[in-house]
Amino acid sequence: MKQLLISFIITIFLISVSKAQDMAMDQSFLFDEEDQVVRAQDYTDENSEENKVAEISADEMNDAVNQAKNLLNTKPAKLPKIKLPNMSFSKPASSGHILSAENLKIAPFGLLWGADQASTLNQGIKLQKTDMKDYVNSFLATSLPKPIDFFNRVYAVFGKDDKLYRILSYSEFIEDDSSATKGMDAYNKYSALLEKKYGNKQVFFTPAVVEKTIKNSQGKDEITKENAPLGNPDFLNQLASGSAVLYSTYNNQDVAAALSIGVDGDKKSYIVIDYKNLSILKEQEQETLDAL
């Protein structure tokens with residue numbers, strides 16, 4: 001089950017977050033300019049209500065998975081570090097009709113929800129075809145209108161009807177310590193921003209189970225098992241192995257987002273934000289219902 005949670009498609013992506021000032025300038029794609037930047041609180045502050053994470057049992061985990069699936073259908077996952085291919089861009093076939101941006105809603109990174117490939121190219125965005133399991137018409141998107149240096153790989157998924165309905169953004173790989181401190185700093189920062197824009201935050205944490213030796217009442221060594229806390233000294237390895245899982249979901253009436261933290265094969269941390277347009281999916285479902 002843990003592999004399904006974070007086994008979504010890190011088919012893709014992830015500047016060190018050590019420069020906090022640089023990261024503080026990255027917010028425009030998450031909320032309106034008039035909104036005030038929200039700082040994520042330190043994840044080690046156990047007294048902060050916003051940073052409390054429930055440790056859940058196997059049954060509760062199943063409930064959380066089902067709930068998350070209803071929101072996003074699938075979750076972002078960790079993926080090994082990959083080498084991007086040489087960029088070769090080609091314009092897809094088009095009917096010649098370019099959709100008007102006035103009739104489309106702004107999506108993260110300046111993309112447009114519901115735009116087709118031709119309309120997206122007309123924005124000056126470059127699309128490189130990418131094969132992604134279970135996804136049709138998926139592309140690596142570059143030359144974005146609102147790029148963010150920290151997220152160096154952004155994937156646009158247009159679906160069978162050639163409408164942009166999903167966006168996947170991967171941060172650069174972060175040189176981290178054994179507690180994944182820098183990765184968690186980035187995770188908390190963007191969690192606060194996503195909550196501000198989309199609301200309805202839900203946090204799902206599956207802790208790693210570790211063995212601990214204690215003295216029993218007879219003074220003999222006894223091995224017990226306990227849940228390893230968030231950000232413990234071995235948290236990076238636990239995330240890498242999948243024995244610990246952490247992600248959050250956010251949603252409003254139109255868009256759902258999921259944020260996760262992962263570790264690549266070189267033990268570098270990264271975060272992923274997965275956006276999905278719920279309105280477009282509801283329209284597609286209604287069209288199917290009308291046809292039945």
Side-chain angles (χ1 to χ4, degrees), residues 3-14 29 68-69 71-95 98-99 104-148 150-173 247 249 254-260 262 264 270-285 287-288:
Q3 292 301 320
L4 290 175
L5 279 177
I6 45 195
S7 161
F8 160 27
I9 50 146
I10 293 183
T11 321
I12 28 201
F13 356 118
L14 304 154
F29 85 109
K69 282 185 177 180
L71 184 65
L72 289 172
N73 192 28
T74 50
K75 292 273 117 7
K78 75 177 164 101
L79 114 138
K81 189 173 182 178
I82 58 175
K83 180 180 180 181
L84 294 178
N86 293 329
M87 308 299 269
S88 177
F89 300 97
S90 59
K91 189 170 183 177
S94 170
S95 62
I98 302 298
L99 297 175
L104 301 172
K105 291 186 176 181
I106 295 294
F109 305 99
L111 290 159
L112 296 173
W113 289 123
D116 56 21
Q117 296 171 50
S119 300
T120 301
L121 289 167
N122 193 54
Q123 289 182 260
I125 297 170
K126 294 181 180 179
L127 299 175
Q128 181 188 6
K129 181 67 177 176
T130 304
D131 293 325
M132 296 169 59
K133 184 179 180 182
D134 300 326
Y135 290 90
V136 178
N137 290 331
S138 55
F139 298 84
L140 175 66
T142 57
S143 299
L144 296 163
K146 294 184 179 181
I148 295 178
F150 185 58
F151 291 92
N152 68 338
R153 282 174 284 172
V154 175
Y155 288 75
V157 182
F158 292 86
K160 294 180 180 179
D161 58 356
D162 198 20
K163 287 184 178 181
L164 178 66
Y165 78 97
R166 195 165 198 155
I167 298 169
L168 299 153
S169 58
Y170 291 76
S171 79
E172 291 192 348
F173 296 106
Y247 68 92
T249 60
D254 297 322
V255 177
L259 170 69
S260 66
D264 80 329
Y270 60 91
I271 62 171
V272 184
I273 306 178
D274 171 14
Y275 303 89
K276 191 172 184 180
N277 190 291
L278 302 177
S279 298
I280 293 175
L281 292 177
K282 289 177 183 177
E283 291 175 1
Q284 294 173 348
E285 180 181 13
E287 290 175 0
T288 301

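Reckoned from all heavy atoms, side chains included, excluding hydrogens, waters and symmetry mates. The residues of the chain are indexed from 1 along the displayed sequence.
Interatomic distance, OG1 of T142 versus CG of L127, reported as 7.5 Å (0.5 Å rounding). Put simply, CG on L259 and CD1 on I273 are 5.5 Å apart, with the number rounded to the nearest 0.5 Å. Summarising the geometry, atom CG belonging to N277 is positioned 8.0 Å from atom CG belonging to L164; distances are rounded to the nearest 0.5 Å. One distance of note links CH2 of W113 with CD1 of I106; it measures 11.5 Å at 0.5 Å rounding.
D254 pairs by the salt bridge (Lys or Arg N to Asp or Glu O under 4.0 Å) definition with K105, not counting sequence neighbours. Looking at residues two or more places apart in sequence or on another chain, you find no ring pair (Phe, Tyr, Trp, His ring centres under 6.0 Å) involving Y165.
Counting only heavy atoms from C-beta outward, the side chains of L112 and T120 never approach each other to under 4.5 Å.
When atom types are taken as modelled, the side chain of S138 and the backbone of T130 share a donor-acceptor pair closer than 3.5 angstrom. At least one donor-acceptor pair under 3.5 Å links the side chain of N137 to the backbone N or O of G159.
Residue G110 comes nearest to P145 through the heavy atom pair O-CG, 3.6 Å, listed as atom of the first residue, atom of the second, then distance. Contact between L144 and F109 at its shortest, heavy atoms only, is CB-O, 3.7 Å.
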Subject >> Check against side chain to side chain contact (heavy atoms under 4.5 Å, CB included), F150 and I271 >> reply: CA-CA 10 Å; F150 185 58; I271 62 171; 3.8 Å; yes
Original post:
Given the rule in the side chain to side chain donor-acceptor pair (under 3.5 Å) test, do S119 and D116 qualify, once you have shown the distances and angles that lead to the verdict?
Top reply: CA-CA 5 Å; S119 300; D116 56 21; 2.7 Å; yes
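L140 pairs with exactly one of Q128, K126, M132 by the side-chain contact (heavy atoms from CB on, under 4.5 Å) rule, that one being Q128.
The cationic atom of K129 (NZ for Lys, CZ for Arg) lies less than 6.0 Å from the six-membered ring centre of F139 and within 45° of the ring axis.
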